[in-house]
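Data block below; observations after.
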Amino acid sequence: MQVIETLAEGLKREIKVVIPAKDMQDKMNERLADVKDKVRINGFRPGKVPAAHLKKVYGKSIMADLVNEIVREQPAAILSSRGEKSATQPEIAMTEDKDEADKILAAEQDFEFTLSYEVLPPIELKSVKGIKVTREVIDISDDEVNEQVLKVAESARAYETKTGKAANGDRITMDYVGKVDGEAFEGGTDQGAELVLGSGRFIPGFEDQLVGAKAGDEKTITVTFPADYPAKNLAGKEATFDVTVKEVAAPADVEINDELASKLGIESADRLKEIVRGQIESQYGSLTRQKLKRQILDQLDEMYKFETPNSLVEAEYNGIWSQVNNDLAQSGKTFEDEDTTEEKAREEYKTLAERRVRLGLVLSEIGEKAGVEVSEDEMQRAIYDQLRQYPGQEKQILEFFRSQPGAAASIRAPIFEEKVIDHLLTEIDVTDKKVTKEELLAEEEGEAKTEAKKAAPKKKAAAKAEAADAGEGEEAAPKKKAAPKKKAADESAE
C-alpha cells in the first residue's frame with residue numbers, strides 16, 4: 001500500500017492511498033480459500049469447488065467487503081502512523097466511474113482513494129501559575145432562608161371553599177373558552193383551571209375582572225394580549241374569555257412547622273430549612289463558579305493564539321447561528337432591531353466560535369496531560385439526568401445514546417471540561433472575596449452588559465453561546481399555552 005501526501009497547507013491534509021491490484025487479488029484469494037470448505041454449490045462436493053468458479057460466484061462480493069474494510073479501518077491506521085489527529089472524521093473519496101469500479105472489484109485495477117482532513121494543531125502547554133482569579137462567596141443569612149421557606153409554605157398553602165365573593169388572594173377554579181373575533185383559538189380553552197387572584201399569572205386585566213365573582217357565575221372577560229406575547233397570532237389582539245366559576249376558595253393561614261414539613265414529605269421544619277439553605281447555597285455556588293470559570297477562560301484565551309481547524313469552527317458557528325436565527329424568528333425581530341446588521345453579526349459570531357473551539361482544544365490538552373478522565377458512573381448519572389427531562393421517552397433516548405457515538409460524546413464533553421476546571425483550580429492562584437448577594441448579582445449584570453457589547457443581538461442566542469464558555473447553560477423556555485397565562489413557568493410556583 002502506498003500512502004502519498006498530496007496536500008499540506010496549514011492544518012489541511014490530503015492523502016492519496018494506492019493498493020496495487022495484485023495485493024487486492026491476493027487478499028481476495030485468501031478469502032476464497034477460507035470459504036472453499038464452507039460453501040455449498042450444486043454439482044460440486046464440499047471443498048472441491050474450482051477456484052475459478054468460486055471467484056465467479058463470490059469474487060465481487062468479497063472484493064466489495066474488502067474495499068469497505070479498507071476505507072473503514074485504514075484512515076485511523078494511516079493517521080496514527082503519521083502521528084496526526086484529525087479534527088473531524090476524514091472525508092474519503094473514491095472513483096465514481098462504474099467501469100473503473102468494476103475493474104477494481106475484479107482486481108484488474110489498483111484500488112485508490114483519497115483522505116481529506118484537518119489535523120488538530122500541536123499545543124505546547126504553558127504554565128498556569130500566573131493565572132489569578134477571584135472567587136466571590138457570600139454568607140447566607142437566616143432571614144433569606146426564612147424568606148424562601150415562607151415561599152415554599154405559600155406554594156403549599158391550603159385553601160378552603162367559601163360562599164362569598166372572590167377577593168385578591170382567593171383561589172378560583174374555573175372553565176374558560178378564549179375567542180378572537182368570535183372564534184375559539186388553539187390553547188385558549190381549559191377546564192378546572194385554578195388561579196389565585198392577584199398572582200399576576202394571567203395576562204393583564206384578566207384577574208381583575210374576576211374579583212367579586214362567586215361560584216356558579218358566568219362571565220365574559222375582555223382583554224388585550226401584550227404586543228410581545230409569544231404566540232404571534234395573538235400578540236396585540238383583543239380577546240374575550242367565556243368563564244364559568246366553579247369554586248371560590250379562601251387561603252388558609254401559613255405556618256412553618258413540622259406539620260407543613262410533613263405535607264412536603266420532610267421530617268421536620270428544621271430539616272426543611274436545611275434543605276432550603278442548601279438550595280440557596282447551590283444557586284449562589286453555581287453563579288460563583290460561572291464567574292470563576294469565565295475568569296480562567298479569559299486568561300487562557302489571552303495565553304493561547306493558534307490556528308483552529310476550520311471544520312470545527314464552522315460546526316460551532318453553524319450551531320450558534322442557527323440558535324440566533326431561531327430566537328429572532330420567535331421574537332419577530334430583525335438584526336436591525338438589535339442595532340446591528342447580519343454581516344456584522346456573522347463576523348462576531350464567527351469570532352466567538354473560534355474562541356470556543358480554541359479554548360476547547362486547550363482544555364482538552366490540559367485534561368489529557370493531567371490524566372483527567374470521565375468515569376462510567378459519571379456518564380450514567382449524566383444520561384439519567386437526560387432521561388428525567390423526557391419522561392415516557394426513556395427507551396428511545398437510551399437507544400439513541402447506544403446507536404450514536406456522537407451523542408455520548410456530547411454528554412461526556414461538558415463533564416470532562418468541568419473536571420479540567422476543577423484541576424486548574426488546584427494549580428492557579430485563587431483568592432476568596434466576601435461579597436453581598438446584591439454585589440454578586442449586580443456585578444453579574446454588569447458583566448452581562450459588557451458581553452452584550454461584544455456581539456449582537458445578544459438578547460438570547462449570543463448570550464447563551466458566550467455563557468456556554470463559562471458553563472452557564474441557559475435552560476430552554478417552557479412551552480407557553482396560548483392564553484390566558486402570562487408564563488407557563490409560573491404554574492409551578494402556585
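- Under the salt bridge (charged side-chain N to carboxylate O under 4.0 Å, His left out) criterion, Lys395 pairs with no residue, sequence neighbours left out.
- Under a cut-off of 6.0 angstrom, the local environment of CD in Glu259 is sparse, with at most 12 non-hydrogen atoms contributed by other residues, nucleotides or ligands.
- Residues Pro121 and Leu11 are in side-chain contact: their nearest non-hydrogen atoms beyond the backbone lie under 4.5 Å apart.
- A side chain to side chain contact (heavy atoms under 4.5 Å, CB included) with Glu207 is found for exactly one of Val223, Leu195, Ile172, namely Leu195.
- In this structure, the side chain of Lys344 does not engage the main chain of Glu347 through any donor-acceptor pair within 3.5 Å.
- Between the side chain of Glu439 and the main chain of Thr436, a donor-acceptor pair closer than 3.5 Å is present.
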Listing, residues 264-278 side-chain donor-acceptor contacts under 3.5 Å, not counting sequence neighbours, or none:
from, atom 1, to, atom 2, distance (Å)
Ser268, OG, Arg271, N, 3.1
Arg271, NH1, Glu274, OE1, 3.1
Arg277, NH1, Ile140, O, 3.0
Arg277, NH2, Asp142, OD1, 2.7

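- Judged as a side chain to side chain contact (heavy atoms under 4.5 Å, CB included), and not counting sequence neighbours, the contacts of Glu427 are Val128, Lys129, His423.
- Scanning for salt bridge (charged side-chain N to carboxylate O under 4.0 Å, His left out) contacts around Glu84 gives Arg13, Arg82, with sequence neighbours left out.
- Contact of the Met303 side chain with the Val362 side chain is not registered, since no non-hydrogen atoms from C-beta on lie closer than 4.5 Å.
- For Gln380 and Glu376, the side-chain atoms include at least one donor-acceptor pair closer than 3.5 Å.
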* To do: Determine, stepwise, if the pair Leu312 / Leu120 fulfils side chain to side chain contact (heavy atoms under 4.5 Å, CB included).
  => CA-CA 10 Å; Leu312 293 181; Leu120 291 177; 4.2 Å; yes
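- A salt bridge links Glu342 with Arg346: the closest approach of a Lys/Arg side-chain nitrogen to an acidic carboxylate oxygen falls below 4.0 angstrom.
- When atom types are taken as modelled, the side chain of Glu255 and the backbone of Leu260 share no donor-acceptor pair closer than 3.5 angstrom.
- Proximity of a side-chain donor or acceptor of Glu154 to a complementary backbone N or O of Val254 within less than 3.5 Å is not detected.
- Ser410 places a side-chain N or O within 3.5 Å of a backbone atom of Ala407 that can act as its donor or acceptor partner.
- Between Ile411 and Val374, the closest side-chain pair of non-hydrogen atoms is not below 4.5 Å.
- For Glu307 (side chain) and Gly10 (main-chain N/O), no donor-acceptor pair under 3.5 Å exists by modelled atom type.
- Taking the six-membered ring where the residue is Trp, Phe335 and Trp321 present parallel rings, their angle staying beneath 30° rather than reaching 60°.
- Annotation: cation-pi geometry not satisfied between Lys437 and Tyr284 (NZ/CZ under 6.0 angstrom from ring centroid, within 45° of ring axis).
- Among pairs with a residue in residues 365-374, those fulfilling salt bridge (Lys or Arg N to Asp or Glu O under 4.0 Å) read Lys85-Glu368, Glu365-Lys369, at least two apart in sequence or across chains.
- Side-chain N or O atoms of Asp298 include none that pairs as donor or acceptor with a backbone N or O of Gln295 at under 3.5 Å.
- More than 12 heavy-atom neighbours from other residues, nucleotides or ligands sit within 6.0 angstrom of CD on Glu281.
- By the neighbour-count criterion of 12 heavy atoms within 6.0 Å, atom CD of Glu9 is sparsely surrounded, having that number or fewer from other residues, nucleotides or ligands.
- A search for side-chain hydrogen bond (donor to acceptor under 3.5 Å, both in side chains) contacts involving Gln393 returns nothing, not counting sequence neighbours.
- Screening residues 219-242 for salt bridge (Lys or Arg N to Asp or Glu O under 4.0 Å), with sequence neighbours left out, gives Lys179-Asp242.
- Under 4.0 Å is where a charged nitrogen must lie from a carboxylate oxygen, and between Arg289 and Asp422 at least one such pair does.
- Annotation: side-chain hydrogen bond (donor to acceptor under 3.5 Å, both in side chains) contacts of Asp385 (sequence neighbours excluded): Arg388.
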* Please lay out, stage by stage, how Glu183 and Asp181 fare under the test side chain to side chain contact (heavy atoms under 4.5 Å, CB included). => CA-CA 6 Å; Glu183 296 291 332; Asp181 297 330; 5.5 Å; no
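- In the displayed structure, Lys12 atom NZ is contacted under 6.0 Å by at most 12 heavy atoms of other residues, nucleotides or ligands.
- Residue Glu160 places its CD atom among 12 or fewer non-hydrogen atoms of other residues, nucleotides or ligands, all under 6.0 Å distant.
- Taking the charged nitrogens against the carboxylate oxygens, Lys293 and Glu417 do have a contact shorter than 4.0 Å, which makes a salt bridge.
- Side-chain atoms of Leu361 and Phe306, non-hydrogen and from C-beta on, do get closer than 4.5 Å to each other.
- Residues satisfying the salt bridge (charged side-chain N to carboxylate O under 4.0 Å, His left out) criterion with Glu378, sequence neighbours excluded, are Lys419.
- Under the salt bridge (charged side-chain N to carboxylate O under 4.0 Å, His left out) criterion, Glu247 pairs with Arg171, sequence neighbours left out.
- Considering Glu316, Arg356, Arg358 in turn, Arg358 is the only one that fulfils the side chain to side chain contact (heavy atoms under 4.5 Å, CB included) rule with Thr308.
- Between Val196 and Arg157, every side-chain heavy-atom pair lies at or beyond the 4.5 Å cut-off.
- Applying the side chain to side chain contact (heavy atoms under 4.5 Å, CB included) criterion to Glu394, with sequence neighbours excluded, gives Leu387, Pro391.
- For Lys246, the side chain to side chain contact (heavy atoms under 4.5 Å, CB included) criterion is met by Thr173, Asp175, Thr244, not counting sequence neighbours.
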